[in-house]
Amino acid sequence: LTDVTGVQTCALPILYDLVEHYYGFKIIAADETYTSIIFGEAECKLLDIESPHAGFYVERIARGIDGHAVEYTESYVRGDRYSVQIHLRK
């Protein structure tokens, strides 16, 4: 998906709607773990960046209403094009 400026946006809400509609799995929560890494040659080639390059290795586990995992994703994210915002509450 892209926004009006042509920038790629996240497609997860639509994907999760499709998973719920076609397969009956309602995803209600997900946990993501971000690990900072230096990409190797293979990751740099896939991401079309010079080596070495800093970025994140991301693991996501999404869970349904019953708490069972319905999605597991591993991703490599460029450090120069990504920002993580964390909201903490008491």
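On a predicted model such as this, the values are computed, not experimentally measured, just so you know.
Crowding of Asp66 atom CG: a count of heavy atoms from other residues, nucleotides or ligands under 6.0 Å exceeding 12. Residue Tyr34 places its OH atom among more than 12 non-hydrogen atoms of other residues, nucleotides or ligands, all under 6.0 Å distant.
A donor-acceptor pair is defined here as one N or O able to donate and one able to accept, closer than 3.5 Å; no such pair exists between the side chain of Glu20 and the backbone of Asp17.
Side-chain heavy atoms closer than 4.5 Å link hydrophobic residues (I, L, V, M, F, W, Y) into clusters, and following such links, even through other members, never connects Ile65 to Val19. Under the 4.5 Å side-chain contact rule for hydrophobic residues, Ile37 and Leu47 share a cluster. Ile49 is not connected to Leu46 by any chain of hydrophobic side-chain contacts under 4.5 Å among Ile, Leu, Val, Met, Phe, Trp and Tyr, and they are in different clusters.
When side chains are defined from C-beta on, Glu32 does not count as touching Ile61, because their heavy atoms never get closer than 4.5 Å. Within the 4.5 Å cutoff, the side chain of Phe39 has heavy atoms near those of the Tyr76 side chain.
Across Ala69 and Arg63, no two heavy atoms sit closer than the pair N-NH1, 3.5 Å. Of all heavy-atom pairs spanning Ile28 and Gly64, the tightest one is CG1-O, 3.7 Å.
Rounding to the nearest 0.5 Å places NE2 of His53 at 3.5 Å from CG of Asp80. Note that the CZ atom of Arg60 and the CD atom of Glu71 stand 5.0 Å from one another [nearest 0.5 Å]. Note that the CD1 atom of Ile38 and the CD atom of Glu43 stand 11.0 Å from one another [nearest 0.5 Å]. For the atom pair CZ (Phe25) and NE2 (His68), the distance works out to 10.5 Å, reported to the nearest 0.5 Å.
With sequence neighbours excluded, the residues that form a side chain to side chain contact (heavy atoms under 4.5 Å, CB included) with Glu74 are Tyr57, Glu59, Tyr72.
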